[in-house]
Structure formats: C-alpha cells, structure tokens
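Everything on this sheet refers to the single structure shown next.
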Amino acid sequence: MESLPLFKDKKEKSYFFISIFIIFCVNIYLHFIDYKRFTNIEVFQTDAIILNIYEKQKYNVLKLQTQNSDLGFTFFTSSYTNHNYKKLQNINLFIVTKDISFFQYLKGFYGKSFALTLLETTTTKKQTIYNYINSQHQNKDISSLYSALFLATNISQNIREVCSSFGISHLVAISGFHLGVISFVLYFLIHLIYKQIHQKYIPYRNKRFDILIVVSIILFSYLLFVDLVPSLLRAFVMFVFGLFLLRNNIKIFSFETLLIIVLFIIALFPRLLFSLSLWFSVTGVFYIFLFIHYFKNMNKYLQFLVFNFWIYFAMNPIVHYFFEDTSLMQLYSPILTLLFTIFYPLVAFLHLIQFGWLFDDLLLKVLDLNIVVESVETPLWFFIIYALVSFYSIVSKKGFIVLNIAFLLFSLKLYL
C-alpha cells in the first residue's frame, strides 16, 4: 500500500504551521513572565541541584538546575574549591539578578551568587542509582562515564577529551542512538513475555503495535527520569510520532516529518532553541534521512557496512565547526559506533548484577593513551556552503554528489 501524505493540502499545512507559531509565542510570553518574576527581585533565593562541577585552580564552576516548583531554569555559578560539593546534591543559594537579559535567561546564564548552603534532603531515586553505579568503580572518570550513559549526567573533563580524541562524543551523550538500542532491547524482552499471552488470549490484536505502546510508556518514564535531555527528547518525539504515522500509513522517513518534529519541540520548549546537543541530534537524523533517500536500493548488507562511515564523514564538517580537536583515532569512530550497540546493553546488564567494573582495566588503558590531538576548525564560509549544499541535496542528485565530494576532500585535509 502506498504511503499517504501527512497533510491533505496546502491549507491544512498552513493551519499546522500557524498553530505551531502561536504555541511558540505563547510559551515565549510565559517564559518572559517568569523572567520578570526572577529579575524583579535583585537577590533571588532558590534551591538547586548540582548537574555538573567544572574544576578550576582557585574555584569551581557549578552547573545548576533550580528546584522551584513554578520557576525552573539552568544556570552557572562559582564556588570556592574548599566546598566539597558533589553531583546531584541539593543546595540553597542567593543569585544576583542584575544585568541578566531575557536572552541570557533563556539560553542559560552565568550568575553571581553567595551563601551557598548544602541541603540535607531525602536521597532521590536518581541519586540512589548514581551512588549504586559509583560504588562499582574506583576511578571517578569511569564512574562519570557510566553515570552519563545511564543517567545523562555530565562527563568529567578527562572523559570528554578522550571521547573527543576518538570522535565518539555522540556515544556518551544520550540521544536517539541510545534510545534505538534501548527500544530494541525492550521490544525483544517484552515480546518474549507477551507472545504467549497474545496467542492464547488476544490473537486478534496487533502484537507489534501493542509492544511498541508499552515500549513508548517505558521510554517516556525514562525521559522524565533523566530530566528531558534535549537530544533524547527529540528522539522520543520522533519515536512516538513515527508510531502515529505508521498506524495511519503515512510516510515516516521524510524531511518534512523531521522539520515538523523540530518545530513542535521548539514551540513547546523554546529554551531548546539554544541546545547544541539537540541541533547535533537533528543534524545526525537529517544525514540519516539523506542516506536512506539515496541508498535505499543498496544491498542491505553493504548498506549496513557503509552507513556509519558515511554518516561520520558527512557530519565531520559540521562537528569541526564547533569542536576543533582532531586526531587520527577519530577514524575508528564508525567501528566503535557499531561495537557500542553491543557494549551499551551489556554494561547495563553488568551493572544490574554488580559486575559493572568488568571493563574498568580496559577503559583505564584507553584513558592512559597518549593521543596526538591537533586543532582544525571548519571555516565559516565552508560551513555555510556545506549546509546549503546539504539542503540542496534533498531535491538534487547533483547536489548530493557535490556534498560527497566536499566532505571527502574536507576529511582528506583533516587527517592528512
């Protein structure tokens, strides 16, 4: 059966985009009201949870998420190094709101603060799991890696540098890739249980759709648990929207679908407009769709082998505009991405049975590698042209050929 279009006509499409714009404006206005409430008080007192700690020589920078029930935002502040704060602890502090613009409030700002006080609060489930993961490792960097993989916490500086050297930062930051692995494992496990029930009691139901609904509920619970990580939020919305399209026989893998989902997310959560992780996630999906668009008739086994390499090289000019670190080890990224699909569920299981330490020695050897890293930046003019050619490739095969030549030449310049 041929897939149906998402919109019947231009009129229906126009109504949708107008509705999205109205939702966006309403949410911006609500954020502005919160901003005025925040800045009307010259010194604002709040409770906050510590998301990350960036260690400096004379002070530490804390990334905080306010815990107000009706006024929540993320910001940065400083503390003295003699304060022994830890991730996911709760503190009370006073923020100086002077000179904080609305744009900074939305984007995430650095604020002067004082009177930081550690709060004695009940340990949350997230803190309990965080402590459970840490108890299985003696090295804090490795603990940081696993808590990032399972709880979407921020990684340590050492782990960040190693991941950048290997070109695998996308594997550590929870995103659609992780959601795909999680959903596959969940589907497999639920299918084992539901198969017998379905055959015996409700054979008339769509078994696959029922399982996907249960998977969606579990994924949504996990999304809330990790505090709506932008890249994971994008992936979850696409997952649910994909179920809706599949149920209604509407084409799933289309650039229009991706655009609609991005606009929908930003309309509901305007702050995510400034989230680099969201835009990297969206860019990755864009190139995945582009790959499917042009290589859909390729042999499936060859497609499987080529996929990760093509996506990696296609993303290279985009990634290096924001992150300049370059090393020959990054060429292993596509292979490590393939291996990660096995590693991720395996280490999750090992942590459940308290054998999470099993790969620690191997990871420590990787951390001790002396990797030569150079700084290579994508020029702004090339970044703009590359982006335009990427969009042009949607409608032009010639544009797609130019795109491939562009990223191959860029990669040769990068690594030779």
Side-chain angles (χ1 to χ4, degrees), residues 31-32 34-119 121 124 126-127 130 140-141 144 147-148 151-161 163-164 169 172-174 226-233 269-281 322-325:
H31 278 301
F32 184 74
D34 288 342
Y35 165 73
K36 296 303 292 184
R37 287 172 54 202
F38 172 64
T39 54
N40 279 340
I41 306 172
E42 190 172 336
V43 177
F44 184 84
Q45 183 179 15
T46 184
D47 293 343
I49 186 170
I50 300 174
L51 299 180
N52 201 13
I53 302 172
Y54 305 93
E55 296 180 358
K56 307 293 181 180
Q57 287 187 348
K58 297 182 179 180
Y59 63 94
N60 291 332
V61 175
L62 307 181
K63 183 180 181 180
L64 304 173
Q65 170 70 50
T66 60
Q67 297 295 291
N68 294 53
S69 59
D70 60 341
L71 187 60
F73 52 88
T74 302
F75 68 103
F76 298 85
T77 193
S78 301
S79 73
Y80 292 111
T81 53
N82 59 353
H83 290 162
N84 191 25
Y85 296 130
K86 297 179 181 178
K87 287 183 185 178
L88 301 183
Q89 285 185 327
N90 290 290
I91 61 174
N92 181 271
L93 74 163
F94 292 86
I95 310 168
V96 179
T97 63
K98 185 180 179 182
D99 299 328
I100 297 175
S101 67
F102 180 55
F103 178 80
Q104 291 173 320
Y105 176 79
L106 285 177
K107 185 179 179 181
F109 60 90
Y110 178 89
K112 295 179 181 179
S113 64
F114 59 92
L116 282 70
T117 307
L118 188 63
L119 297 176
T121 56
T124 64
K126 190 172 183 178
Q127 289 172 317
Y130 179 79
K140 68 175 184 178
D141 288 327
S144 168
S147 61
L151 302 177
T153 57
N154 293 94
I155 55 176
S156 67
Q157 185 62 31
N158 287 342
I159 294 293
R160 190 184 307 278
E161 290 174 358
C163 289
S164 178
S169 297
V172 179
I174 292 183
V226 297
D227 301 318
L228 300 175
V229 177
S231 53
L232 193 64
L233 175 63
F269 308 98
R271 291 181 187 274
L272 297 186
L273 190 61
F274 307 102
S275 171
L276 192 58
S277 65
L278 174 65
W279 291 115
F280 270 131
S281 179
F322 297 94
F323 302 103
E324 302 174 13
D325 288 353

Would you check if the side chain of Y35 reaches a backbone N or O of F103 as a donor-acceptor pair within less than 3.5 Å?
no

To the nearest 0.5 angstrom, please state how far the CD1 atom of I155 sits from the CG atom of D141.
10.0 Å

Looking only at non-hydrogen atoms, find the nearest pair between L151 and V226 and report the distance.
O-CG1, 3.7 Å

I want to check something: taking the side chain as every heavy atom from C-beta on, are N154 and K63 in contact at a cut-off of under 4.5 Å?
yes

About how many Å separate CG of D47 and CG of L119, when rounded to the nearest 0.5 Å?
5.0 Å

What residues, two or more places apart in sequence or in another chain, satisfy ring-ring contact (aromatic ring centres under 6.0 Å, His included) together with F38?
F44, F73, Y105, F109

Yes or no on side-chain contact (heavy atoms from CB on, under 4.5 Å) for N90 and Q127, after CA distance, side-chain angles and deciding distance?
CA-CA 11 Å; N90 290 290; Q127 289 172 317; 4.1 Å; yes

Can you check whether D99 reaches K112 side chain to side chain, under 4.5 Å on heavy atoms?
no

The reported gap from CD1 in I50 to NZ in K86 (rounded to nearest 0.5 angstrom) is 11.0 Å

Would you please indicate yes or no on a ring centroid separation below 6.0 angstrom for F94 and F114?
yes

Sorted by chain and number, sequence neighbours left out, ring-ring contact (aromatic ring centres under 6.0 Å, His included) with Y54 holds for none

Where do T74 and L51 come nearest, in terms of heavy atoms and distance?
CG2-CD1, 4.3 Å

Among N60, L93, V61, whose side-chain contact (heavy atoms from CB on, under 4.5 Å) with T77 holds?
L93

Are L278 and F269 side-chain neighbours, meaning at least one heavy-atom pair lies under 4.5 Å?
no

T153 vs N52, side-chain contact (heavy atoms from CB on, under 4.5 Å): CA-CA, chis, key distance, verdict:
CA-CA 7 Å; T153 57; N52 201 13; over 6 Å; no

Which heavy atom in S231 sits nearest to a heavy atom in S277, and how many Å separate them?
CB-O, 3.8 Å

Do T46 and T66 have a side chain donor and acceptor closer than 3.5 Å?
no

Looking at CG of L116 and CD1 of I95, how far apart are the two atoms once the value is rounded to the nearest 0.5 Å?
9.0 Å

Hey, could you give me the CZ/CG distance between R160 and D325, rounded to the nearest 0.5 Å?
11.5 Å

Does the side-chain contact (heavy atoms from CB on, under 4.5 Å) test come out yes or no for R271 and H31, once each step is laid out?
CA-CA 9 Å; R271 291 181 187 274; H31 278 301; 3.5 Å; yes

Here the gap from T39 atom OG1 to D34 atom CG, rounded to the nearest 0.5 Å, amounts to 10.5 Å

Tell me if a side-chain donor or acceptor on S144 pairs with a main-chain N or O of S156 at a distance below 3.5 Å.
yes

Taking it one step at a time, do F322 and W279 satisfy side-chain contact (heavy atoms from CB on, under 4.5 Å)?
CA-CA 12 Å; F322 297 94; W279 291 115; over 6 Å; no

